[in-house]
Amino acid sequence: RRIMPIRILKNLKRHAWRACLQRKEMTKITLKRQSPFSADLMFAMVADIDRYHEFLPYCVASRVKTRTTAPVGEGSQELLKAELMIRYKIVQESFMSNVTLDCAKGVIEARQMTGPFKHLFNQWVFDDNEVGSTIEFTLDFEFRVPLLRKIIAPLMGRAVETMVGAFEERARHIYGD
């Protein structure tokens, strides 16, 4: 009679461990910033993926592999396949993403096709205001490897701040103070 509860307990532990490893833990980070530059200028700068390696920390290569236009309502969207290569110390990863540029709405969205994440989505939203523009950046991600989720996920907020700061610095460099 005592063997049965021990077996049940072992099975519960095994299933709990498996469930813990399979649990989806997506993280969402959103930053909102004010820029002295117009939404159109900021949109154009962020859309220039081929130049990311010139100013983004840890980005060692960036290129748009394909570019097409798709009609949407009375306007159109540009659809890109873009590749980024990121290197930090001895770790190097490539990301391939589908990127949508919707100039009429002032929105840029990227979804990872290949790379180290189970899920990676980011969105830029640009809106003009009386002093320039408001920019909102959202990053939604989930790591493939549970161990990476525990180690790196807490650092992603700082990484996003650094990346958005690099874009702000790039805007000042291109468009002046």
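Heads up: numbering here begins at 1 and tracks the sequence.
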Original post:
Is the Trp124 to Phe167 ring centre distance short of 6.0 Å?
Top reply: yes
Subject >> Sub-6.0 Å ring centroid separation between Phe141 and Phe121 >> reply: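 Between Phe121 and Phe141, which both carry aromatic rings, the centre distance is not below 6.0 Å.
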Original post:
Among side-chain atoms of Gln34 and Asn129, is any donor-acceptor pair under 3.5 angstrom?
Top reply: yes
Kindly check if the number of other-residue, nucleotide or ligand heavy atoms within 6.0 Å of [atom1] ([X]) is above 12?
X	atom1	answer
His173	NE2	no
Tyr58	OH	no
Tyr88	OH	no

Original post:
Taking Thr162 for the side chain and Arg158 for the main chain, is one N or O donor matched with an acceptor at less than 3.5 Å?
Top reply: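 Flag set: sc Thr162 to bb Arg158 pair under 3.5 Å.
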Shortest non-hydrogen separation from [X] to [Y] and the atoms involved:
X	Y	value
Arg63	Asp50	CA-OD1, 3.0 Å
Pro116	Ser94	CD-O, 4.2 Å
Gln112	Phe117	NE2-O, 2.6 Å
Ser62	Leu84	CB-CD2, 3.4 Å

Original post:
Out of curiosity, does Val64 fall in the hydrophobic cluster containing Phe95 (side-chain heavy atoms, cut-off under 4.5 Å, transitive links)?
Top reply: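 Phe95 and Val64: one cluster.
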Original post:
In the single-linkage hydrophobic clustering (I, L, V, M, F, W, Y; side-chain heavy atoms under 4.5 Å), do Val164 and Met42 co-cluster?
Top reply: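 Same cluster.
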**OP:** Evaluate side-chain contact (heavy atoms from CB on, under 4.5 Å) for Thr138 paired with Lys28, printing each intermediate quantity in order.
**Re:** CA-CA 7 Å; Thr138 301; Lys28 186 174 187 175; 3.5 Å; yes
**OP:** State which residue, out of Asn98, Thr68, Thr66, fulfils the side-chain hydrogen bond (donor to acceptor under 3.5 Å, both in side chains) condition with Lys81.
**Re:** Asn98
Subject >> Set of residues satisfying side-chain contact (heavy atoms from CB on, under 4.5 Å) with respect to Met96, sequence neighbours excluded >> reply: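 Listed in chain order: Lys65, Glu83, Met113, Thr114.
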**OP:** Return the set of residues passing side-chain contact (heavy atoms from CB on, under 4.5 Å) with Ala166 (not counting sequence neighbours), or none when no residue passes.
**Re:**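 Expected list: Phe55, Leu56, Pro57.
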Is there a side-chain contact between [X] and [Y], using heavy atoms and a 4.5 Å cut-off?
X	Y	value
Asp127	Ser133	no
Ile135	Phe37	no
Phe137	Val160	yes
Ile86	Gln92	no
Val60	Met85	yes

Subject >> Partner of Phe126 by side-chain contact (heavy atoms from CB on, under 4.5 Å), out of Val46, Leu41, Thr134, Val107 >> reply: Val46
Point-to-point distance, once rounded to the nearest 0.5 Å, from [atom1] of [X] to [atom2] of [Y]:
X	Y	atom1	atom2	value
Arg170	Met45	CZ	CE	8.0 Å
Glu136	Thr30	CD	OG1	6.0 Å
Ser97	Leu120	OG	CG	6.0 Å

Subject >> Electrostatic pair Glu161:Arg33 at N-O distance under 4.0 angstrom >> reply: yes
**OP:** Decide yes or no on side-chain contact (heavy atoms from CB on, under 4.5 Å) for Val99 and Leu79, but give the supporting numbers first.
**Re:** CA-CA 6 Å; Val99 181; Leu79 307 174; over 6 Å; no
**OP:** Apply side-chain contact (heavy atoms from CB on, under 4.5 Å) to the pair Ile108 and Asn122, showing each step before the final yes or no.
**Re:** CA-CA 8 Å; Ile108 298 174; Asn122 69 64; 5.7 Å; no
Subject >> Under the salt bridge (charged side-chain N to carboxylate O under 4.0 Å, His left out) test, residues paired with Asp48 that sit two or more places apart >> reply: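 Here the qualifying residues are Arg51.
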Subject >> side-chain contact (heavy atoms from CB on, under 4.5 Å) evaluation trace for Leu101 with Leu80 >> reply: CA-CA 8 Å; Leu101 308 176; Leu80 316 175; 3.8 Å; yes
